Q: 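Structure below; questions to follow.
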Protein chains: 2
Amino acid sequence: MDNNQLFQKFVAFSAAVHQITNDITKDVKSEALTPLQYKILEYIAVSQPVTLSEVSDCMQMSMPNTSREVKKLSEKGVCTRITDPDDRRKQGIKLSAAGEALMNEAFQQIAVRFEQRIAGITAAERKEIEQALDLLQHKVFY
Amino acid sequence: MDNNQLFQKFVAFSAAVHQITNDITKDVKSEALTPLQYKILEYIAVSQPVTLSEVSDCMQMSMPNTSREVKKLSEKGVCTRITDPDDRRKQGIKLSAAGEALMNEAFQQIAVRFEQRIAGITAAERKEIEQALDLLQHKVFY
DNA sequence: CCCTTTAGTTGTCATTTGATAACAAAAACA
DNA sequence: TGTTTTTGTTATCAAATGACAACTAAAGGG
């Protein structure tokens, strides 16, 4: 069954991606943040501004726990919350300047490790990789 | 800088893979297992037989904690440990019959969701996806 | 205007996970 | 043979995370 073969590849591939990204982002998170807090901050970084509910949905955690963790993040000065003037129940969560600095540093480290990983690759291969990333993102991981 | 663009894609892609696989495997884990225990069991399933040290390395957890969690898994009857006759310090960890059954069921559920996700794709597209998975796994996530 | 829904907060408790010290036994090595 | 290294265990403690109840305030709908 061809279907099954593709699924096998998918499973192996997902496992590999998890493994490698864990490896690459290992020890990147600031000492001041717990792993969960780092993940939340990473999510905020790429999706800002976000609401608490969006964080809650995407991170698959309950509102009370999300509220607590985001509160800690803003207490640590890495994100800010401003009430949405159109709907004063909602709040827009963004990185603060300190948060931007922190995440820039983190991404920098990750970038270095990523480049080490793909060092010595030809321009043609690079192109192929780029296309493969695009393809999969559109057709499978959308 | 082209380098940076590729890195951006890599980050976005990794995030998407995490998100989608979390979504797909959500609620799949047996009620009897904690998330960590499920991940360990998944690792054992695809790499068996493994030693404790291998689990410890791959899951990036300390030996004491690994020992504890694997002990719980065998107490729950989902894996077995047999002492390596060639080196009696080591032990080969495998899924038990119950563990196999549990993981089969889990993979079944994941497979269903995966197929829903790629439903309505042409044979040519399927081929492309397969090739992209292979390419990335060999050149980036190895 | 009342009622319901949505968005978020606070507090509390249980469970999970991480960290560390102290240990045992087999293997490797000198 | 004695020492060191590898592999794993047990116990204990602290921190992180998850679950839930009770609450506030704003918005929406009749």
Side-chain angles (χ1 to χ4, degrees), chain A residues 18 22-23 25-44 47-76 78-94, chain B residues 18 22-23 25-44 47-76 78-94:
Chain A
H18 275 83
N22 276 344
D23 221 65
T25 60
K26 188 185 175 182
D27 306 325
V28 164
K29 48 191 181 300
S30 156
E31 349 70 46
L33 301 182
T34 69
L36 181 59
Q37 284 166 9
Y38 175 78
K39 275 188 207 161
I40 294 173
L41 203 63
E42 203 173 50
Y43 170 66
I44 296 173
S47 312
Q48 60 184 329
V50 293
T51 66
L52 248 203
S53 308
E54 286 169 339
V55 177
S56 169
D57 281 355
C58 278
M59 307 298 292
Q60 300 181 186
M61 49 194 290
S62 70
M63 277 294 286
N65 293 336
T66 309
S67 177
R68 176 185 58 196
E69 295 307 320
V70 170
K71 186 182 178 190
K72 287 181 192 166
L73 286 175
S74 46
E75 281 168 358
K76 289 176 181 185
V78 293
C79 74
T80 61
R81 313 198 257 180
I82 47 172
T83 304
D84 181 344
D86 294 339
D87 183 338
R88 296 202 331 269
R89 289 169 306 182
K90 296 184 186 172
Q91 47 189 238
I93 304 168
K94 292 187 194 181
Chain B
H18 274 82
N22 276 345
D23 221 65
T25 59
K26 188 184 177 184
D27 307 325
V28 164
K29 48 192 181 302
S30 156
E31 348 70 45
L33 301 181
T34 70
L36 182 59
Q37 284 165 9
Y38 175 78
K39 276 188 206 160
I40 294 173
L41 203 64
E42 201 173 51
Y43 170 66
I44 297 173
S47 312
Q48 59 184 330
V50 294
T51 66
L52 248 203
S53 309
E54 286 169 339
V55 177
S56 168
D57 281 355
C58 278
M59 306 298 292
Q60 300 181 184
M61 50 193 292
S62 70
M63 276 295 285
N65 292 335
T66 309
S67 178
R68 176 185 59 197
E69 296 307 320
V70 170
K71 186 182 177 190
K72 286 181 192 167
L73 286 175
S74 47
E75 281 168 358
K76 289 176 182 185
V78 293
C79 75
T80 61
R81 314 198 257 181
I82 46 173
T83 304
D84 180 343
D86 294 338
D87 183 341
R88 298 202 330 270
R89 291 169 305 182
K90 297 184 185 173
Q91 48 189 239
I93 305 169
K94 293 187 194 182

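The model shown is predicted, which means the values in this text are computed figures rather than measured ones.
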Q: Any carboxylate oxygen within less than 4.0 angstrom of a Lys/Arg side-chain nitrogen, looking at A:Glu69 and A:Lys72?
A: yes
Q: Side chain of B:Glu69: nearest nucleotide among C:dT17, D:dG8, D:dA16?
A: C:dT17
Q: Verify the contact: side-chain N or O of A:Thr34 to OP1 or OP2 of D:dT17, cut-off strictly under 4.0 Å; return yes or no.
A: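 Yes, such a contact exists.
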Q: Taking only side-chain nitrogens and oxygens of B:Arg81, does any of them come within less than 4.0 Å of OP1 or OP2 of D:dT9?
A: yes
Q: Check this for me: does the side-chain of A:Asp87 come within 3.5 Å of the base of C:dA7 through a donor and an acceptor?
A: no
Q: Nearest to the side chain of A:Pro35, heavy atoms from C-beta on, is which of D:dT17, C:dT9, D:dT7?
A: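 Taking heavy atoms from C-beta onward, the closest nucleotide is D:dT17.
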Q: D:dG8, D:dT9, C:dG8: which one has an atom nearest the side-chain heavy atoms of B:Ser67?
A: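 Nearest listed nucleotide: D:dT9.
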Q: For the side chain of B:Pro64, counting heavy atoms from C-beta on, which of D:dT17, D:dA11, D:dA26 is nearest?
A: D:dA11
Q: Specify the residue among A:Asp84 and B:Thr51 whose closest nucleotide of DNA chain D lies further upstream toward the 5′ end.
A: B:Thr51
Q: Would you say the side chain of B:Arg68 and the base of C:dG18 hold a donor-acceptor pair, judged only by whether the two atoms sit under 3.5 Å apart?
A: yes
Q: Using the side-chain heavy atoms of A:Ser53, tell me which of these nucleotides is nearest: C:dT9, C:dA7, C:dT17.
A: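 Of all the options, the side chain of A:Ser53 is nearest to C:dA7.
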Q: Look at the side chain of A:Arg89 and decide which nucleotide, out of D:dG8, C:dT9, C:dA7, has an atom nearest to it.
A: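 Nearest to the side-chain atoms of A:Arg89, counting from C-beta on, is C:dA7.
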Q: Quick one: is C:dT10 close enough that its OP1 or OP2 comes under 4.0 Å of any side-chain N or O from A:Lys71?
A: yes
Q: Check whether any side-chain heavy atom of B:Lys76 lies under 4.5 Å from a side-chain heavy atom of B:Leu33, and answer yes or no.
A: yes
Q: Side chain of A:Met61: nearest nucleotide among D:dG18, D:dG8, D:dA16?
A: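 Of the options given, the side chain of A:Met61 lies nearest D:dG18.
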Q: How many angstroms lie between CG in B:Leu73 and CD in B:Gln37, if you round to the nearest 0.5 Å?
A: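 Taking CG in B:Leu73 and CD in B:Gln37, the distance rounds to 5.0 Å.
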Q: Closer than 4.0 Å, any side-chain N/O of B:Gln91 to the OP1 or OP2 of D:dT9?
A: yes
